[in-house]
Peer 1: 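My structure is below; once you've seen it, I'll send some questions.
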Amino acid sequence: MSDQDLPPAIRALDDRAWLDLLLKSVVSRDVAGTTFPAFPDPETQRSFVGADGAATLHEAFSFYTLLKDRAAALGRPLAHGTNFLDFGCGWGRYLRFFWKDVGAAALHGCDIWPPALDLCRSLGVPGNLDRLYHWGRLPYADASMDIVMAYSVFTHLPEKPHRHWVAEIARVLRPGGIFVLTLEPRRFLDFVEALPVDATGWEGDLRRHAPRIPLLRQRFDQGEIAFMPSGGTGDFDGALYGDAVVPPAFIDRHWSEWFTVTEYLDEPGQFFQAVLVAQRR
Ligand SMILES: C[S@@+](CC[C@H](N)C(=O)[O-])C[C@H]1O[C@@H](n2cnc3c(N)ncnc32)[C@H](O)[C@@H]1O
């Protein structure tokens, strides 16, 4: 079922009722006569998105409803057949949400890390899945997408990959198309500075950068990306991946050729990260 469209009765549900079905699907894949995609084990979910189960769906729901609201306000309401791309789709958290709105055929997810796509396939995540390659092209035609989203992806990219992928996203978006993404706001630097010395995991890796925070704040305030490289290798090499705090001034300077920014929302009570809404010229 997950490769196909949902029954009309489910497609007609309002967003809150749809969230309730997705929450039920955490417990059992068979909900309302439909087989839903499975979930990765809780530890795998957390390794991508920092939370699991109902908590991670509630977090995603806020972004899902914001995106739909802003797309409609900008004259691009989501409908069955709206071509939708989730850039950096991970284990398919968002693909399962937008399945209701655009249908499986118009739903696209891509990721640079092959195990993420393997995971989506093994879970039965709906939509078309594509692998990306560093410095490669998005495997979509020019002006073929109506909506692109990227949640917690540009929060990890240094300047060169950031600029490369924004140019690609601009290429595949139709004029008037919408790009909604998250960015780490300036307060992320305060968070890193305040991490305890015995922090572990991702926070422990970040803690190494605490002595550089004053310098990184200066970079941010000068309109440059404040970047903290990961200590990883391969796809997670520090030249490709880490934690990136992107100032709106950087966006203004490097995106204006293609995009009009309509909103930069930094509301810690609503979203962990800042949300940027941009419309393709
Ligand atoms: C923090 S996870 C977020 C996953 C998903 N967007 C979500 O919110 O559930 C970041 C994802 O971005 C992917 N990623 C990292 N660098 C990327 C790049 N340059 N291009 C595309 N995807 C990338 C990672 O493999 C990972 O799946």
Side-chain angles (χ1 to χ4, degrees), residues 22 26 37 39-40 42-64 66-67 84-99 107-121 123 125-127 129-140 145 147-169 171-172 179-184 188 201-203 205-206 225 227-230 232-244 246 271-276:
L22 289 171
V26 176
F39 282 79
E43 196 184 327
T44 303
Q45 290 179 51
R46 286 196 298 274
S47 71
F48 279 86
V49 296
D52 64 88
T56 200
L57 291 182
H58 279 291
E59 178 199 332
F61 184 68
S62 300
F63 184 85
Y64 166 71
L66 178 137
L67 185 152
F84 180 95
L85 172 63
D86 182 1
F87 177 82
C89 62
W91 51 262
R93 181 166 61 145
Y94 282 100
L95 291 172
R96 52 193 87 203
F97 273 94
F98 288 99
W99 183 24
L107 191 59
H108 302 266
C110 60
D111 204 288
I112 210 139
W113 198 46
L117 298 168
D118 293 344
L119 191 55
C120 285
R121 290 191 183 100
L123 298 169
V125 169
L129 298 168
D130 291 290
R131 179 176 177 185
L132 303 183
Y133 295 87
H134 295 288
W135 317 117
R137 280 165 68 87
L138 286 173
Y140 315 108
M145 293 290 163
I147 309 278
V148 179
M149 67 156 281
Y151 193 98
S152 209
V153 184
F154 283 83
T155 52
H156 294 291
L157 303 185
E159 176 165 344
K160 278 191 180 166
H162 176 125
R163 292 179 63 178
H164 173 82
W165 290 115
V166 169
E168 271 299 287
I169 288 166
R171 179 181 66 75
V172 304
F179 182 23
V180 187
L181 70 154
T182 60
L183 298 171
E184 289 296 6
F188 186 76
W202 172 65
E203 294 186 351
D205 290 342
L206 271 178
I225 297 181
F227 183 68
M228 292 161 269
S230 79
T233 56
D235 287 326
F236 301 101
D237 180 282
L240 300 167
Y241 198 84
D243 287 278
V246 182
F271 294 103
F272 297 132
Q273 300 171 341
V275 178
L276 187 87

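These numbers come from the heavy atoms of this one structure, side chains and all, not from hydrogens, waters or symmetry mates. Order of appearance sets the numbers: ligands from 1, and atoms from 1 within every ligand.
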Peer 1: Of all the non-hydrogen atoms in the protein, which one sits nearest to atom 19 (N) of ligand 1, and at what distance?
Peer 2: Trp165 NE1, 3.5 Å

Peer 1: Taking 4.0 angstrom as the limit and counting only heavy atoms of Trp113, give me the atoms of ligand 1 inside it, by number and element.
Peer 2: 25 (O)

Peer 1: Would you call the rings of Phe97 and Phe61 parallel, tilted or perpendicular, where under 30° means parallel and over 60° means perpendicular?
Peer 2: tilted

Peer 1: Cation-pi check for Tyr151 against Arg93: NZ or CZ below 6.0 Å from the six-membered ring centre and within 45 degrees of the axis, yes or no?
Peer 2: yes

Peer 1: Whether Arg171 and Glu168 form a salt bridge (side-chain N of Lys/Arg under 4.0 Å from carboxylate O of Asp/Glu) is what I want to check.
Peer 2: yes

Peer 1: What is the nearest protein non-hydrogen atom to atom 9 (O) of ligand 1, stated with its residue, atom name and distance?
Peer 2: Arg93 NE, 2.9 Å

Peer 1: Applying a 4.0 Å heavy-atom criterion (strictly less than), which segment of Val153 is in contact with ligand 1: side chain, backbone, both, or neither?
Peer 2: side chain

Peer 1: Test your reading of the structure: does Gly88 have an N or O sitting under 3.5 Å from an N or O of ligand 1?
Peer 2: yes

Peer 1: Between Leu85 and Phe98, is any pair of side-chain heavy atoms under 4.5 Å apart?
Peer 2: no

Peer 1: Measure from the side-chain N and O atoms of Thr182 to the backbone N and O of Ser152, and report whether any donor-acceptor pair falls under 3.5 Å.
Peer 2: yes

Peer 1: Between atom CZ of Phe48 and atom CG of Asp111, what is the distance when rounded to the nearest 0.5 Å?
Peer 2: 7.0 Å

Peer 1: Side chain of His156, backbone of Asp243: donor and acceptor closer than 3.5 Å?
Peer 2: no

Peer 1: List every atom of ligand 1 that sits less than 4.0 Å from any heavy atom of Val49, numbering the atoms from 1 in the order shown and giving each element.
Peer 2: 7 (C), 8 (O), 9 (O)

Peer 1: Do Ser230 side-chain atoms and Phe236 backbone N/O form a donor-acceptor pair below 3.5 Å?
Peer 2: yes

Peer 1: Indicate, as side chain, backbone, both or neither, the part of Trp91 found under 4.0 angstrom from ligand 1 when only non-hydrogen atoms are considered.
Peer 2: neither

Peer 1: Starting from atom 26 (C) of ligand 1, locate the nearest protein heavy atom and write down its residue, its atom name and how far away it is, to 0.1 Å.
Peer 2: Asp111 OD2, 3.5 Å

Peer 1: Among all protein heavy atoms, pick out the one at the shortest distance from atom 23 (C) of ligand 1; state its residue, atom name and that distance to 0.1 Å.
Peer 2: Ile112 CG2, 3.7 Å

Peer 1: Using modelled atom types and a 3.5 Å cut-off, is there a donor and acceptor pairing between side-chain atoms of His108 and backbone atoms of Phe87?
Peer 2: no

Peer 1: Hey, is ligand 1 close enough to Ser152 that some N/O pair sits below 3.5 Å?
Peer 2: no

Peer 1: Report the nearest protein non-hydrogen atom to atom 15 (C) of ligand 1: residue, atom name, distance rounded to 0.1 Å.
Peer 2: Tyr241 CE1, 3.6 Å

Peer 1: Between Tyr64 and Tyr94, does the ring centre distance come in under 6.0 Å?
Peer 2: no

Peer 1: What part of Asp235 sits under 4.0 Å from ligand 1 if we count only heavy atoms: the side chain, the backbone, both or neither?
Peer 2: neither

Peer 1: Hey, which atoms in ligand 1 end up nearer than 4.0 Å to a heavy atom of Leu157?
Peer 2: 16 (N), 19 (N)

Peer 1: Could you identify the single nearest non-hydrogen protein atom to atom 20 (N) of ligand 1 and state the distance to 0.1 Å?
Peer 2: Phe87 CZ, 3.4 Å

Peer 1: Just distances here: any N/O of Asp86 and N/O of ligand 1 closer than 3.5 Å?
Peer 2: no

Peer 1: Verify the neighbour count for atom CZ of Phe271: are there more than 12 heavy atoms of other residues, nucleotides or ligands below 6.0 Å?
Peer 2: yes

Peer 1: Starting from atom 1 (C) of ligand 1, which protein heavy atom do you reach first, and at what distance in Å?
Peer 2: Phe48 O, 2.9 Å

Peer 1: Side chain, backbone, both or neither: which part of Leu240 has a heavy atom under 4.0 Å from ligand 1?
Peer 2: neither

Peer 1: Do any nitrogen or oxygen atoms of Tyr151 lie less than 3.5 angstrom from nitrogen or oxygen atoms of ligand 1?
Peer 2: yes

